[in-house]
Amino acid sequence: MLENTSPFLDTLFLLRKDECITIFSDIKEISKKEEQDASDYFETEFEKERLEFLSDQINCNKETAVWAGKIVYHSAQLYLIRRDTAKDLNKLIPPYKGARDISSILSADLSLRFLPQIVDGLQIADPEDPLIKMLESILSQFHYSAIGSDIDLEKVNWEEELKDKTYRKLYLERIVEKKAYKLAEIPFIKKLLMAEFGLHKDAFWRELKTITEENERKDSI
C-alpha cells in the first residue's frame, strides 16, 4: 500500500477500499509524482482484479487508469467546490483521447465504476449542471462502468462491442450483478445472457419478465 500523501491519492485509496469519498476544501493541482504513484497503485489493483477474469493477454493501461482516476477525483470535488470553477471544467474533466480497447476499458473502470453515483448526486443538486453532460459523455464511451445507470447507448453496435470473449463475460456478469434489466432487454444481449447463464439466474429472469411486461403495458397506453 502506498503512503497517502495527497488529496488525490487519499481519494483513490478510500474510494477503492471503502467506496466513500472525502471532499477537501479546495481542488489542488495533481503533481507528476502523484500521477506516478497513482499509476503504480492502479497497476497493482489491476493485477488483483485480473485474477477474476484470468487473462494474461490484457494488461493495465496505466495512462488511461490515471486519466480516469483524475476524472473521478475532480468530479467528486466539483460536487461541492464550484466557486470560480466554470472556466476550468474542460481542464479538470478532459475528454479521453487514447485508444478505446479492452485494456483501456478495464483500466478506466478501476475508477469510473464510481462515477455514476457522483452523476446521480449532481443530478439531485442541479439537473442543469453542465458538468453532468460532460460526465455522461465519458460514461457513454466507457459504458462498462455505467452498467445499471441510465446512459444513452442507442448507437452501440453490440456484436462489435462484445466480440472479445473475456470482455463479453465480464459485461454480462455485471449486467446480472447490477440487475441492469434495460440492457438485458436488448435482444442480442438477452441471447448472450441465456447462453451464458441459462436457468441458473431464475430470479433475474423472473424480474426481467415482470419489468418487460410493465413496459409493454406503458407503451400500449
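Computed over heavy atoms, backbone and side chain alike; hydrogens, waters and symmetry mates excluded. All values reported here derive from a predicted model rather than from experimental measurement.
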Check your understanding: When you look at L89 and L78, which way does the side chain to side chain contact (heavy atoms under 4.5 Å, CB included) test go after all the steps?
Key -> CA-CA 9 Å; L89 283 185; L78 287 167; 3.8 Å; yes
Check your understanding: For residues D109 and S145, is any side-chain donor paired with an opposing acceptor at under 3.5 Å?
Key -> yes
Exercise for review: Heavy atoms only: give me the nearest A65-F42 pair and the separation to one decimal.
Suggested key: O-CE1, 3.3 Å
Point to revise | Results of side-chain hydrogen bond (donor to acceptor under 3.5 Å, both in side chains) for S39 - residues two or more places apart only | key: none
Point to revise | Where R168 and K163 come nearest, the two heavy atoms and their spacing | key: NH1-O, 3.3 Å
Point to revise | D164: side chain to side chain contact (heavy atoms under 4.5 Å, CB included) partners, not counting sequence neighbours | key: I102, T166, Y167
**Study point:** Rounded distance (nearest 0.5 Å) linking atom CD of E52 with atom NZ of K169
**Key:** 9.5 Å
Review point. Which heavy-atom pair separates E29 from E34 by the least distance, and what is that distance?
Key: O-OE1, 3.8 Å
Review point. Taking L139 as the fixed residue, which of L153, I151, I147 is the one that meets the side-chain contact (heavy atoms from CB on, under 4.5 Å) rule?
Key: I151
Review point. Has the side chain of S104 got a donor or acceptor atom that lies under 3.5 Å from a matching backbone atom of D101?
Key: yes
Point to revise | Atom pair NE2/CG of H74 and L131 - distance to nearest 0.5 Å | key: 11.5 Å
**Study point:** Worked check of salt bridge (Lys or Arg N to Asp or Glu O under 4.0 Å) between E161 and R100
**Key:** CA-CA 11 Å; E161 178 71 22; R100 185 183 179 277; 2.8 Å; yes
Review point. For the residue pair Y171 and Y144, does the interplanar ring angle fall in the parallel (under 30°), tilted (30 to 60°) or perpendicular (over 60°) class?
Key: tilted
Review point. Hey, is K182 close enough to E185 for a salt bridge, meaning N to O under 4.0 Å?
Key: no
Check your understanding: In Å, rounded to the nearest 0.5 Å, how long is the span from NZ of K133 to CG of D129?
Key -> 11.0 Å
Check your understanding: Parallel, tilted or perpendicular for Y96 and F142, by the 30°/60° rule?
Key -> perpendicular
**Study point:** Working for side chain to side chain contact (heavy atoms under 4.5 Å, CB included), residues I105 and T64
**Key:** CA-CA 8 Å; I105 290 169; T64 301; over 6 Å; no
Review point. Should E63 and W67 count as side-chain neighbours, where that means a heavy-atom distance under 4.5 Å?
Key: no
Check your understanding: Please walk me through it: do T11 and Q77 pass side chain to side chain contact (heavy atoms under 4.5 Å, CB included)?
Key -> CA-CA 10 Å; T11 296; Q77 302 311 306; 4.0 Å; yes
Exercise for review: Return the minimal non-hydrogen interatomic distance between F46 and S107, and the atom names on each side.
Suggested key: CE1-OG, 3.7 Å
Check your understanding: Tell me, do I93 and I138 make a side-chain contact under 4.5 Å, heavy atoms counted?
Key -> yes
**Study point:** Approximate separation, where rounding is to 0.5 Å, of I30 CD1 and D37 CG
**Key:** 12.0 Å
Check your understanding: Is the closest side-chain donor-acceptor distance between D40 and Q36 under 3.5 Å?
Key -> yes
**Study point:** Close side-chain approach of L9 and Y41, heavy atoms under 4.5 Å
**Key:** no
Point to revise | Gap separating the CG atom of L106 from the CG atom of N59, nearest 0.5 angstrom | key: 11.0 Å
Point to revise | Nearest-0.5 Å distance that lies between atom CD1 in I189 and atom CG in L172 | key: 7.5 Å
Check your understanding: Do you know which two heavy atoms are closest between L193 and V176, and how far apart they sit?
Key -> CD2-CG2, 3.9 Å
Check your understanding: Is there a side-chain contact between P7 and Y73, using heavy atoms and a 4.5 Å cut-off?
Key -> yes
Review point. Any salt bridge between R113 and E49, counting N to O under 4.0 Å?
Key: yes
**Study point:** K62/E35 salt bridge by N-O under 4.0 Å criterion
**Key:** no
Point to revise | Taking every non-hydrogen atom, the tightest pair across Q123 and I132 | key: NE2-CG2, 3.6 Å
